[in-house]
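Notes to accompany the following structure.
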Amino acid sequence: EASLVLVLAGRSLGSDSLPKALVVGRALGLGLRVTRKHSQNDRLVDRLKRTLQSASTFAGIRDSETLLEHIAEEATRLLDCDRASIFLWDRERRELVARPALGVEGNTLRVSDSAGIVGDVIRTGRSVNVADAYSDPRFNQRVDKESGYRTRNMLCGPLRDADSDLIGAFEVINKNQGSFGDEDEEILGQLGVQAAIAVQNAREREQLLRSQEQLTERLMQGVRIIGESAAIAALRETIKRLAATDLPVLILGESGTGKEVVAHSLH
């Protein structure tokens with residue numbers, strides 16, 4: 001923390017004024033420290049408010065790929081940095097999958113879950129703040145070399161789901177002014193909590209949709225309405241029209257006329 005010097009000048013000042021000047025200097029110093037602390041707290045509260053406002057937009061994005069890109073954009077804006085990536089942990093393959101990965105083919109990067117600073121975050125479950133990336137032996141220079149990008153500094157924190165289980169890491173790179181500080185680490189942590197929950201919800205939603213599609217495909221494999229007559233064509237058109245609605249449907253007919261086949265086709 002920077003120090004300040006109090007200078008008093010005047011014709012009537014003598015050595016006997018020194019004790020009083022020391023008292024005044026201490027009082028001013030204490031007042032400045034209190035003022036600085038209040039200013040820092042106000043700034044942090046304001047940034048946390050903006051973080052929550054950004055996080056409130058996550059729930060409206062249902063596609064995980066779009067969600068990850070949106071989270072990265074919000075992180076770069078809130079933390080005033082150049083790039084951000086979310087690394088999702090694939091435990092079975094022992095890999096970390098980064099999205100978005102700018103400058104990398106396919107915008108997706110796969111690295112070992114034990115490699116680099118991100119791997120260290122996964123191993124320890126704690127944030128890492130690096131002021132000079134190339135002087136840190138944990139930093140993996142491969143991505144920079146392949147992309148032509150130059151990483152100066154970085155901040156990486158753990159991503160935990162609603163059950164506090166580690167699901168990945170959240171990384172921001174190259175602070176626009178100076179290096180990342182304690183406030184940035186606090187903001188990244190808060191944003192990471194909201195991001196992890198949103199990502200988990202999006203992935204579960206996509207898994208449900210995939211399961212529904214697979215179930216529908218299996219059902220349809222055993223269902224065929226055979227025939228090309230005008231009545232059969234009209235039946236297919238009716239099924240298609242009703243399938244696009246939420247209306248309850250009552251299927252009537254004598255035994256053996258194909259009510260169950262129509263019901264499966266409708267679903």
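These numbers come from the heavy atoms of this one structure, side chains and all, not from hydrogens, waters or symmetry mates. Positions are given from 1, in the same order as the sequence printed here.
- Other residues, nucleotides and ligands contribute more than 12 heavy atoms inside 6.0 Å of the CZ atom of Arg205.
- Arg160 contributes no side-chain N or O that, together with a main-chain N or O of Gly168, makes up a donor-acceptor pair within less than 3.5 Å.
- Taking the ring-ring contact (aromatic ring centres under 6.0 Å, His included) definition, one finds that Tyr134 meets it with Phe139, sequence neighbours left out.
- At least one side-chain heavy atom of Leu79 sits less than 4.5 Å from a side-chain heavy atom of Leu188.
- Minimum interatomic distance between Ser265 and Ile225 (heavy atoms only, all atoms of both residues): OG-CD1, 3.6 Å.
- Taking every heavy atom of both residues into account, Leu68 and Ile86 meet most closely at CD2-CD1, 3.7 Å.
- Taking hydrophobic clusters as Ile, Leu, Val, Met, Phe, Trp and Tyr residues chained together by side-chain heavy-atom distances below 4.5 Å, Ile197 does not share a cluster with Ile71.
- The number of heavy-atom neighbours closer than 6.0 Å to CZ of Arg210, taken from other residues, nucleotides and ligands shown, is above 12.
- The CG atom of Leu109 sits 9.5 Å away from the OG atom of Ser147 when rounded to the nearest 0.5 Å.
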> So Gln190 and Gln194, side-chain contact (heavy atoms from CB on, under 4.5 Å) or not? Walk me through it.
Replying inline: CA-CA 7 Å; Gln190 294 294 332; Gln194 304 300 324; 5.5 Å; no
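- Of the inter-residue distances, the one linking Thr151 atom OG1 with Gln141 atom CD reads 9.5 Å to the nearest 0.5 angstrom.
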>> Run Asn153 and Asp132 through side-chain contact (heavy atoms from CB on, under 4.5 Å) and show every step you take.
In response: CA-CA 5 Å; Asn153 50 55; Asp132 184 358; over 6 Å; no
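- Between Gly157 and Ser127, the shortest heavy-atom distance links the atoms CA-OG, 3.6 Å.
- Under the 4.5 Å side-chain contact rule for hydrophobic residues, Met154 and Ile187 do not share a cluster.
- Separating the CG atom in Leu155 from the SG atom in Cys81 is a distance of 8.5 Å, to the nearest 0.5 Å.
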>> Would Lys175 and Asp184 count as a salt bridge (Lys or Arg N to Asp or Glu O under 4.0 Å) here? Give the steps.
In response: CA-CA 10 Å; Lys175 182 81 171 175; Asp184 295 316; 3.0 Å; yes
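- Taken together through direct or relayed side-chain contacts under 4.5 Å among Ile, Leu, Val, Met, Phe, Trp and Tyr, Val97 and Ile167 form parts of separate hydrophobic clusters.
- A donor-acceptor contact shorter than 3.5 Å links the side chain of Asn129 to the backbone of Phe180.
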> Are Glu146 and Arg142 close enough, and set up right, to give a salt bridge (Lys or Arg N to Asp or Glu O under 4.0 Å), and what steps lead you there?
Replying inline: CA-CA 6 Å; Glu146 292 178 356; Arg142 179 176 65 86; 3.2 Å; yes
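- Looking at Asp161, its side chain does come within 3.5 Å of a backbone N or O of Asp165 through a donor-acceptor pair.
- Using a 4.5 Å heavy-atom threshold, the side chains of Leu166 and Arg91 count as touching.
- For the atom pair CD of Glu69 and CD1 of Ile61, the computed distance is 9.5 Å after rounding to the nearest 0.5 Å.
- Connection of Leu78 to Leu159 is established within a shared hydrophobic cluster, with ILVMFWY side chains joined at heavy-atom distances below 4.5 Å, either directly or through further cluster members.
- More than 12 heavy-atom neighbours from other residues, nucleotides or ligands sit within 6.0 angstrom of CZ on Arg152.
- Here the closest non-hydrogen pair linking Phe170 and Ala75 is CZ-CB, 3.6 Å.
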Listing, residues 239-257 side-chain donor-acceptor contacts under 3.5 Å, not counting sequence neighbours, or none:
| from | atom 1 | to | atom 2 | distance (Å) |
| --- | --- | --- | --- | --- |
| Thr245 | OG1 | Leu242 | O | 2.9 |
| Thr245 | OG1 | Leu247 | N | 3.3 |
| Thr257 | OG1 | Glu254 | O | 2.7 |

> Does the salt bridge (Lys or Arg N to Asp or Glu O under 4.0 Å) test come out yes or no for Glu74 and Arg77, once each step is laid out?
Replying inline: CA-CA 5 Å; Glu74 290 299 298; Arg77 182 178 64 84; 2.7 Å; yes
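- A donor-acceptor pair is defined here as one N or O able to donate and one able to accept, closer than 3.5 Å; no such pair exists between the side chain of Asp80 and the backbone of Asn176.
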Got a list of side-chain donor-acceptor pairs under 3.5 Å for residues 116-123, not counting sequence neighbours?
| from | atom 1 | to | atom 2 | distance (Å) |
| --- | --- | --- | --- | --- |
| Asp120 | OD1 | Arg123 | NH2 | 2.6 |
| Asp120 | OD2 | Arg138 | NH1 | 3.0 |

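- With hydrogens and angles disregarded, no donor-acceptor distance shorter than 3.5 Å links the side chain of Asp90 to the backbone of Leu96.
- By the rule that hydrophobic residues join a cluster once side-chain heavy atoms approach within less than 4.5 Å of another member, Ile173 and Leu88 end up as members of separate clusters.
- Looking only at atom types and distance, the side chain of Glu95 has no donor-acceptor partner in the side chain of Ser112 under 3.5 Å away.
- The shortest side-chain heavy-atom distance between Lys259 and Val262 does not fall under the 4.5 Å cut-off.
- In this structure, Gln200 CD and Ser64 OG are separated by 13.0 Å, a value rounded to the nearest 0.5 Å.
- For the pair Arg99 and Phe87, the cation does not sit on the ring face, since its NZ or CZ is not both under 6.0 Å from the ring centre and inside 45° of the axis.
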